[in-house]
Amino acid sequence: MSKESDDFYNRVFDVVRLVPHGRVTTYGAIARFLGAARSSRLVGWAMNRSHNIIPIIPAHRVVNRAGILSGKAHFNDPNEMQRLLELEGVVVKDDQIINFDDVFWDPASMDL
DNA sequence: TGAATGACTCGAT
DNA sequence: GATCGAGCCATTC
């Protein structure tokens, strides 16, 4: 892995950490925010490595554009992702966020 | 070096 | 309106 690609991942992690408490974002939103609109899968790759990243990445706040917890299976405990979201006030049912449109947070619209 | 994979997204049927 | 398939890009085998 080259250093530049590591930097890309680092930006992804940074954006994920910027997600407000009780809000969630999508892979596509992060990818597009970083200028890689068609690299949404790369964001998924980055999150896959987030287990070894410090500080810990709130990966539970990152879901696909449908509001489904597509990455919950990659957690130490799949139930932990849903539990963390519910703990923050996010309503989750069947691995899917109910009020997704209400809790969705776009990094491009954050206050600078 | 070439082929396969993946925590996604969009367009077509 | 829901479902299916193809596209994209970096990493891994």
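Note that the structure is a prediction, hence the values are computed from the model and not measured.
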At 4.0 Å (heavy atoms only), tell me whether A/His60 reaches a base, stays on the sugar-phosphate, or touches nothing. nothing
Looking at every strand, decide which applies to A/Ala59 at a 4.0 Å heavy-atom threshold: base, sugar-phosphate, or nothing.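 Here A/Ala59 touches the bases of the nucleic acid.
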Could you tell me which non-hydrogen atom of A/Phe104 sits nearest to which non-hydrogen atom of A/Ala29, and how far apart they are? CZ-CB, 4.2 Å
Report the nucleotide, chosen from C/dT12, C/dC9, B/dA7, that has the shortest atom-to-atom distance to any side-chain atom of A/Ser39. C/dC9
Measuring from the side chain of A/Arg49 (C-beta onward, heavy atoms only), which nucleotide among C/dT12, C/dA10, B/dA7 has the closest atom?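 Comparing C/dT12, C/dA10, B/dA7 against the side chain of A/Arg49, the answer is C/dT12.
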[atom1] of [X] versus [atom2] of [N]: gap in Å, rounded?
| X | N | atom1 | atom2 | value |
| --- | --- | --- | --- | --- |
| A/Ile30 | B/dA7 | CD1 | P | 15 Å |
| A/Ile68 | B/dA7 | CD1 | P | 14 Å |
| A/Ile97 | B/dA7 | CD1 | C1' | 13 Å |
| A/Leu42 | C/dT12 | CG | P | 12 Å |
| A/Tyr9 | B/dA7 | OH | C1' | 12 Å |
| A/Asp77 | B/dA7 | CG | C1' | 17 Å |
| A/Arg38 | C/dC8 | CZ | C1' | 9 Å |

Do A/Leu18 and A/Val43 sit in one hydrophobic cluster, given that two such residues count as connected whenever their side-chain heavy atoms are within less than 4.5 Å of each other, even indirectly? yes
Quick one: does any side-chain atom of [X] pair with a main-chain N or O of [Y] as donor and acceptor, under 3.5 Å?
| X | Y | answer |
| --- | --- | --- |
| A/Asp77 | A/Asn79 | no |
| A/His60 | A/Phe75 | no |
| A/Asp94 | A/Gln96 | no |
| A/Ser70 | A/Val63 | no |

Distance, P atom - from B/dA4 to C/dA6, rounded to whole angstrom: 15 Å
Does A/Arg11 pair with A/Asp14 as a salt bridge, N-O distance under 4.0 Å? no
Scan nucleotides 8-13 of chain B nucleotide by nucleotide, 5' to 3', and note B when protein non-hydrogen atoms come under 4.0 Å of the base, S if they reach only the sugar-phosphate, - if neither. BSS---
